[in-house]
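Comments concern the structure below.
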Protein chains: 2
Amino acid sequence: MPEKTTISDMVVSRLPYYLQALRHMASQGHQVILSQELGTHLGISAPQIRKDLSLFGEFGKQGTGYDIANLIKQLNQILNTNCVWEMVIVGAGNIGRAIALYQDFIDRGFRIAMIYDNDPQKIGSRVGNYTVQDTKGMAAAIKAKRINIAVLAVPAAEAQEVTNQLVEAGIKAILNYAPIAITVSPDVHVQHLDPVVYLQQMTYYLET
Amino acid sequence: MPEKTTISDMVVSRLPYYLQALRHMASQGHQVILSQELGTHLGISAPQIRKDLSLFGEFGKQGTGYDIANLIKQLNQILNTNCVWEMVIVGAGNIGRAIALYQDFIDRGFRIAMIYDNDPQKIGSRVGNYTVQDTKGMAAAIKAKRINIAVLAVPAAEAQEVTNQLVEAGIKAILNYAPIAITVSPDVHVQHLDPVVYLQQMTYYLET
DNA sequence: ATATGTGAAATCTTTCACAGCG
DNA sequence: CGCTGTGAAAGATTTCACATAT
């Protein structure tokens, strides 16, 4: 019996990994999984996984394990990914285009609605099925379509300025590929995915 | 006076962000920064930053703050990024190519040495200044050049198999863009950068 | 006067161990 | 019997408050 208690970020950050692993297991034809197996696969302890899941409900069968299909359904509900979220990409450079062409969004609850750039050379060019739009019309389109999520793939120098426009237009979540911190109001969520940051986290541990 | 104590992952994971912010400040012409300012810029508390830095030495001047140029030097030394790390990219699809063309590596201590794929259609094609190489020769080249870092940008189905080859060839750090968990020996570091995982961490908090 | 460096306290997170259930 | 669900204990991280240095 879960209480409507507040869930920590630490727990929330693990749930997408559980979902990813479960989808993988399901695609391999498995029906049931133990917290132990899931933990080994993800490098997370079994009690940790049981505790995380138990915060949201009793999804397992004692003596048996977890039904994979059911757990996937539950996790999608918890993470609000049992719908399709529309996203805009800002920046049609290498990273923006690569993300626009990424095939793995739609199965997992996300869809690119539009891609924007402010470079006249790029505006009007095709990226897969999309035509790059002028940033000028971006705020209006985001408001009209009530889009909540943006992928920021612009140069560092423009990142804050574009972020301000996005937030003003009603964006509530930003996946930030620009190599710079951006400042937003407290009700907007940001995930910073600068590859160099993650490389540097690893080089600390490497022998020179 | 710092002791040669063991530093937690949590601390290490913040250092690259400090470095990024400091480089930004430096590029704006600032000479000195306070823990308070740095914290506000990054969304981290000032005592947290002071404590993190003090684990490695006394880099600040009391009453004054931190000399930015010196702190950048110190952090590069701590993170082992005062040299240039060579990397290989595996997978010349959209993501692999975007990373190969990413301009922000070299200034921050990283360089793409080679890019590989196993698709005969892609092998030999050009990506910026690089020619896509056949994966067959990959292990030998990594060993010969003593490369430590790999960027994994292959489909999920091939990720583990390629990872095994990389680890066998001596790779010690992997930036994993494949949407699947990979298993490695304990002396190999992995950072998983599946965009959907980070999107799902945010949708949890969004109103449907 | 002002901002760092740092033990001690508070908070948060994970692990443990076993009760409880299929 | 085996594995989940979960309070209690252990461990880790962050915050606080102030001594300390310039």
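Labels below follow one simple rule: chain letters A, B, ... track the order of the sequence lines, proteins then strands, and each chain is numbered from 1. Computed from a predicted structure; not experimentally measured. These numbers come from the heavy atoms of this one structure, side chains and all, not from hydrogens, waters or symmetry mates.
Contact check, Ser8(A) against dT13(C): a side-chain N or O comes under 4.0 Å of OP1 or OP2. Within the 4.0 Å cut-off from OP1 or OP2 of dT4(D), at least one side-chain nitrogen or oxygen of Ser35(A) is found. OP1 or OP2 of dT15(C) lies within a sub-4.0 Å distance of a side-chain N or O belonging to Ser45(A). Taking side-chain N and O atoms only, Tyr66(A) has no distance below 4.0 Å to OP1 or OP2 of dG22(C). Contact between the side-chain N/O atoms of Ser54(A) and the OP1/OP2 oxygens of dT6(D) is found at a separation under 4.0 Å.
Using modelled atom types, one finds a donor on one side chain and an acceptor on the other under 3.5 Å when comparing Gln20(A) with Asp194(B). In the model, Gln191(B) has no side-chain atom that pairs as donor or acceptor with a side-chain atom of Asn176(B) under 3.5 Å. Defined by atom type and a distance below 3.5 Å, a donor-acceptor pair is present between the side-chain atoms of Tyr205(A) and Asp9(B).
One interatomic measurement links the two molecules: CD of Glu58(B) to C1' of dA21(D), which rounds to 10 Å at whole-angstrom precision. Between the P atom of dG5(C) and the CG atom of Asp52(B) lies a distance of 12 Å, rounded to the nearest Å. Taking atom NZ on Lys51(B) and atom C1' on dC16(D), their separation rounds to 10 Å, with Å as the unit. The CZ-P distance, from Phe59(A) to dT6(D), rounds to 11 Å in whole Å. Protein atom CG of Leu55(B) is 11 Å distant from nucleotide atom P of dG5(C), rounded to whole Å. Counting to the nearest Å, the P atom of dA10(D) and the CD atom of Gln48(A) are 18 Å from each other. If you measure from atom CD of Gln31(B) to atom P of dA3(C), you get 18 Å, rounded to the nearest angstrom. Taking atom CG of residue Leu71(B) and atom P of nucleotide dT4(C), one finds them 11 Å apart after rounding to whole Å.
Nearer to the 5' terminus of DNA chain C, by closest-nucleotide assignment, is the contact made by Ile44(A) (compared with the other of Ile44(A) and Lys61(A)).
In this structure, Tyr17(B) has its ring center closer than 6.0 angstrom to the ring center of His192(A).
Comparing dG5(C), dT6(D), dT14(C) against the side chain of Arg50(A) picks out dT6(D) as the nearest. Comparing dC16(D), dT20(D), dA17(C) by their nearest atom to the side chain of Gln62(B) picks out dT20(D).
The CG atom of Leu15(A) lies 6.0 Å from the CG atom of Leu75(A); values are rounded to the nearest 0.5 Å.
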